[in-house]
Amino acid sequence: IIGGGELARVIIEAAREQWNVLGFVDPELCVETVHRLNVSRLGDDMMVYDYPEAHFILGVGTIKVSPMRERIVDRLALPASRWATIIAAGAIVSPTARLAPGTVVLPSAVICTGANIAEHCIINIGAKIDHDVRVGKFVREKRQYTGPGRPPAAATHFAVSGPSTGTRTVMFGRPRINAMSSFIWW
């Protein structure tokens with residue numbers, strides 16, 4: 001796991017359901033993570049190169065729109081085949097949905113048919129991604145997308161595209177959108 005803070009703890013617990021978690025890398029000591037989860041801090045981010053057979057996942061989150069996650073991936077320059085995909089127990093993912101490397105789907109999240117989740121996204125606890133929606137790279141979605149035809153209720157940094165064009169969307173950050181779809185969060 002790259003990162004050892006709060007989000008990393010959630011991802012470590014989810015990853016343990018399907019992966020042998022060797023530990024995490026972080027420039028900080030992350031004592032709380034080490035003690036709470038009985039997991040090893042392996043060193044700073046550059047330690048990933050000491051594990052040539054390992055797969056990795058970003059456990060670094062941001063509250064606001066930030067290029068930090070993307071910078072970490074760019075700096076590490078690992079091939080796509082080295083990035084894990086984590087689907088937590090209790091998450092529901094359609095067999096026709098596509099999840100790119102580095103994606104994390106946390107408990108109670110739902111991803112419907114035809115959805116396309118790009119690299120290094122976090123579909124957080126309870127988030128819902130409706131049919132035929134495209135989620136752009138490095139998105140951390142915490143709420144709910146209910147699909148085309150619904151008005152936006154809140155602003156966030158969620159970039160999507162979907163089956164209906166010309167409908168309303170609210171988003172922040174760099175656009176990663178083909179066709180716009182409406183979305184709403186609760």
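In this structure, T85 and Q18 approach most closely via the heavy-atom pair O-OE1, 3.5 Å. Of all heavy-atom pairs between C121 and V135, the closest is SG-CG1, 3.9 Å. Across all non-hydrogen atoms, the minimal contact from D26 to G4 is OD2-N, 2.8 Å. Heavy atoms only, all atoms of each residue included: R82 and V48 are closest at NH2-O, 3.9 Å. Residues A8 and I1 share a closest heavy-atom pair of CB-CG2, 4.1 Å.
Looking only at distances, no side-chain donor or acceptor of N116 sits under 3.5 Å from a matching main-chain atom of R134. With E119 contributing its side chain and K137 its backbone, the two residues share no donor-acceptor pair below 3.5 Å.
Note: the hydrophobic cluster containing Y49 also contains L22 (ILVMFWY, side chain heavy atoms under 4.5 Å, direct or indirect links). Residues I92 and V133 fall into different hydrophobic clusters, defined by Ile, Leu, Val, Met, Phe, Trp and Tyr side chains chained together at heavy-atom separations under 4.5 Å.
Crowding of E28 atom CD: a count of heavy atoms from other residues, nucleotides or ligands under 6.0 Å not exceeding 12. Annotation for E6: atom CD does not count as buried by contact number, only 12 or fewer foreign heavy atoms lying within 6.0 Å.
You'll find the side chain of I57 reaches within 4.5 Å of the side chain of I11, heavy atoms only. With contacts defined as side-chain heavy-atom distances shorter than 4.5 Å, the pair W19/I86 qualifies. F24 places a side-chain heavy atom less than 4.5 Å from the side chain of V39. Looking at V25 and R41, their side chains never come closer than 4.5 Å, going by heavy atoms from C-beta outward. Using a 4.5 Å cut-off on side-chain heavy atoms (C-beta onward), I122 and R69 make contact. You'll find the side chain of I12 reaches within 4.5 Å of the side chain of T33, heavy atoms only.
At a threshold of 4.0 Å, the pair R75-D45 counts as salt-bridged, since one of the basic side-chain nitrogens sits closer than that to a carboxylate oxygen.
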Extract all donor-acceptor atom pairs below 3.5 Å that involve side chains of residues 94-112 and protein atoms in other chains or at least two apart in sequence.
from: S94; atom 1: OG; to: T96; atom 2: N; distance (Å): 3.1
from: S94; atom 1: OG; to: T96; atom 2: OG1; distance (Å): 2.9
from: T96; atom 1: OG1; to: T113; atom 2: OG1; distance (Å): 2.6
from: T96; atom 1: OG1; to: G114; atom 2: N; distance (Å): 3.1
from: T103; atom 1: OG1; to: A100; atom 2: O; distance (Å): 2.8
from: T103; atom 1: OG1; to: A118; atom 2: O; distance (Å): 3.2

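Taking NE2 of H120 as the reference point, atom CD of E70 lies at 9.0 Å (rounded to 0.5 Å).
When the options D74, I72, V73 are evaluated for a side-chain contact (heavy atoms from CB on, under 4.5 Å) with L76, the one that passes is I72.
For W83 and H55, the distance between ring centers is not under 6.0 angstrom.
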